[in-house]
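Take a look at the structure below.
Basis for what follows: all heavy atoms, side chains included, without hydrogens, waters or symmetry-related copies. First the proteins, then the strands, lettered A, B, ... as listed; each starts at 1.
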Amino acid sequence: MNLSLATGAQWDWAFAWEILPQLLSAMRVTVTATLLGMSLAVFGGLLLVMMRRSHIKTLSRSGYWTIEFIRGTPLLIQLYFFYYVLPEYGLQQSAMVTGVLALGLHYSSYMAEVYRAGIDAVPKGQWEAATALNFPPKRTFFTLILPQAIPPIVPASGNYLVAMFKDSVLLSTITVTEVLYTARDDIGSDRFRYLEPLTLVGVLFLIVSLISVAGIRRLERHLEKKR
Amino acid sequence: MSFAPPFDLLPPLLVGLGKTLQLTAGGILLCVLLALFAGLGKVSGIPPLRWLANIYVEIFRGTSALVQLFWFFFVLPFFGVSLEPMLAGILVLGLNSGAYGAEVVRGAIQAVSHGQKEAATALGFTPRQTLWRILLPQAVVSMLPPMSNVFIELLKNSALVSVISVHDLTFVAQIHRADSLRTTAIFSIVLVLYFAVAQGLSRGMSFLEKRLSRGRDLGGVKA
């Protein structure tokens, strides 16, 4: 099948087939960045939500504003900030590390909200029971509340994992050779063809997103049935 | 590293901010239109409309905004369609957020209680009247809070347009970073400016929500 219009633009299957392995191998970088970023966000989000729930007012207030600020500013600028500003203070890391840090920080603020929803959904009686049984607050939170809060928020976290996966292409702007960088800067500018590489990247993302979203929906239904 | 006062940086950055606001406004306009069309399409009784809306939503939610932007900017010229960077930017921002907005519209319409629809049918309203006079007016109020998030994501995504050389806030910041080497000052100002716009947007939306829900009986459910 040829996708041709009056201008003669043609989809070249041979070329698409030829570059696919290169794109798939670059996809590994994308996946690695996403998984590392998400691990950071899982911890960062927990830290932020603990700040937010703190009884010390300055701590909870700074937690609130940190979350608002990170969520209210573009990931791209946060990425540039890490990439260009930190080295001026002697903190030089590779582009990949910078990218993972920025992704992790950005999504920490989203994860904090996810945790918050999960913790708020734990019945108040659980806290009261813990108090009645003389549990220390720290133990109540970590051994009683958190284990109940986490399973219901797994689907929401999954959605943010997919969102982060899609956002990880921003790392191409700071020269991480992930899939979009490979498509545009390595293949596209070398061969003067953007149609196949960029379309393939879109299709790859679409496939991964559709499969993940279907999986998350099944998980959601499964969790609902268990309740 | 230099700590000269950053006042001289403000004028060019504010010009960039103007472009960012234009992008955001244009994007929001397109986003609202598409969200309404696709959201209504998703709940439509006409199968082809539903399929079309679903395909649009899945494609634009399933791929990255940056990939979409590159596709519109680098691939469309292959087909003889060359877009100005600014136009490509607004188009992609609107199309991308419109797909998320469509889900908001669909959710809000489906959340209007079923009795409302039945009552409208019983009173002899046509489907069109039911939609415009019964369903949408009630759905709009519950659309606003999630729409506010969609708009803020759109504002944040507008920074991406700098990579196809639209002279927005991010682009101006990058130029001045290169020739003044006052990275910290520039990016701090830029972060604060984006944050201020995002806060303004979210305040504006909650004001609108309060105005529109004034005097409205929300069926005992506090929205």
Side-chain angles (χ1 to χ4, degrees), chain A residues 3-11 65 68-89 106 162-163 165-173 179-180 183-184 188-189 193-199 201-213, chain B residues 1-2 20 58-81 96 100 149 152-153 155-163 168-170 173-174 177-178 181-202:
Chain A
L3 263 180
S4 69
L5 287 171
T7 51
Q10 289 213 336
W11 176 267
W65 283 108
E68 283 289 299
F69 191 77
I70 299 175
R71 274 173 29 126
T73 49
L75 173 60
L76 185 66
I77 306 288
Q78 292 165 9
L79 207 56
Y80 286 164
F81 196 89
F82 278 151
Y83 191 64
Y84 296 114
V85 175
L86 290 187
E88 292 198 4
Y89 299 92
H106 192 73
V162 179
F165 174 64
K166 288 182 289 174
D167 268 349
S168 72
V169 294
L170 265 66
L171 269 55
S172 65
T173 60
V179 68
L180 186 59
R184 191 177 83 108
S189 352
R193 276 192 84 94
Y194 292 104
L195 172 61
E196 292 84 0
L198 286 177
T199 308
V201 170
V203 171
L204 286 177
F205 272 97
L206 196 58
I207 292 171
V208 176
S209 301
L210 287 177
I211 293 174
S212 331
V213 169
Chain B
M1 222 186 316
S2 104
T20 292
E58 292 306 330
I59 287 182
F60 280 89
R61 289 205 318 169
T63 54
S64 317
L66 188 58
V67 175
Q68 290 158 21
L69 193 65
F70 280 169
W71 206 90
F72 272 70
F73 195 65
F74 290 109
V75 176
L76 278 189
F78 271 82
F79 298 108
V81 185
N96 182 270
Y100 290 90
N149 285 334
I152 288 172
E153 292 298 318
L155 164 72
K156 286 158 57 184
N157 273 338
S158 78
L160 299 178
V161 173
S162 64
V163 301
D168 75 327
L169 182 54
T170 307
Q174 279 283 49
R177 175 189 67 75
L181 292 176
R182 287 155 67 194
T183 330
T184 313
I186 292 172
F187 281 119
S188 305
I189 295 173
V190 169
L191 281 172
V192 170
L193 286 177
Y194 273 112
F195 183 57
V197 178
Q199 285 286 312
L201 206 54
S202 118

So do [Y] and [X] actually touch side chain to side chain, heavy atoms under 4.5 Å?
| X | Y | value |
| --- | --- | --- |
| B:Phe78 | A:Tyr194 | yes |
| B:Leu66 | A:Ser172 | yes |
| A:Val201 | B:Trp71 | no |
| A:Phe69 | B:Leu191 | yes |
| A:Leu170 | B:Leu160 | yes |
| B:Ser64 | A:Phe165 | no |

So which part of [X] gets closer than 4.5 Å to some heavy atom of chain A, the side chain, the backbone, both or neither?
| X | answer |
| --- | --- |
| B:Ser158 | neither |
| B:Ile59 | both |
| B:Glu153 | side chain |

If you look at every heavy atom in A:Glu68 and B:Phe195, which pair is closest and at what distance?
O-CE1, 3.3 Å
Hey, could you give me the [atom1]/[atom2] distance between [X] and [Y], rounded to the nearest 0.5 Å?
| X | Y | atom1 | atom2 | answer |
| --- | --- | --- | --- | --- |
| B:Tyr194 | A:Thr73 | OH | OG1 | 10.0 Å |
| A:Leu180 | B:Leu69 | CG | CG | 10.0 Å |
| B:Thr183 | A:Tyr89 | OG1 | OH | 8.0 Å |
| A:Leu75 | B:Lys156 | CG | NZ | 8.0 Å |
| B:Ser202 | A:Arg71 | OG | CZ | 9.5 Å |

Does any N or O in the side chain of A:Lys166 come within less than 3.5 Å of the main-chain N or O of B:Arg61, such that one atom is a donor and the other an acceptor?
yes
Heavy-atom pair count under 4.5 Å with chain B, highest-scoring of A:Thr199, A:Leu210, A:Leu204
A:Thr199
Using a 4.5 angstrom heavy-atom cutoff, name the option from A:Ser209, A:Pro74, A:Gly72 with the most pairs to chain B.
A:Pro74
Examine whether an atom of [X] lies under 4.5 Å from a heavy atom of chain B, and if so say whether it belongs to the side chain, the backbone or both; otherwise answer neither.
| X | answer |
| --- | --- |
| A:Glu196 | neither |
| A:Leu76 | side chain |
| A:Ile207 | neither |

Give me the one residue out of B:Thr170, B:Leu193, B:Leu169 that meets side-chain contact (heavy atoms from CB on, under 4.5 Å) with A:Ile77.
B:Thr170
Name the orientation class of the two ring planes belonging to A:Tyr80 and B:Phe187 (parallel below 30°, tilted from 30 to 60°, perpendicular beyond 60°).
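Because their plane-to-plane angle lies in the 30° to 60° range, the rings of A:Tyr80 and B:Phe187 count as tilted.
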Verify side-chain contact (heavy atoms from CB on, under 4.5 Å) between A:Phe81 and B:Val190, making sure each step is shown before the conclusion.
CA-CA 10 Å; A:Phe81 196 89; B:Val190 169; over 6 Å; no
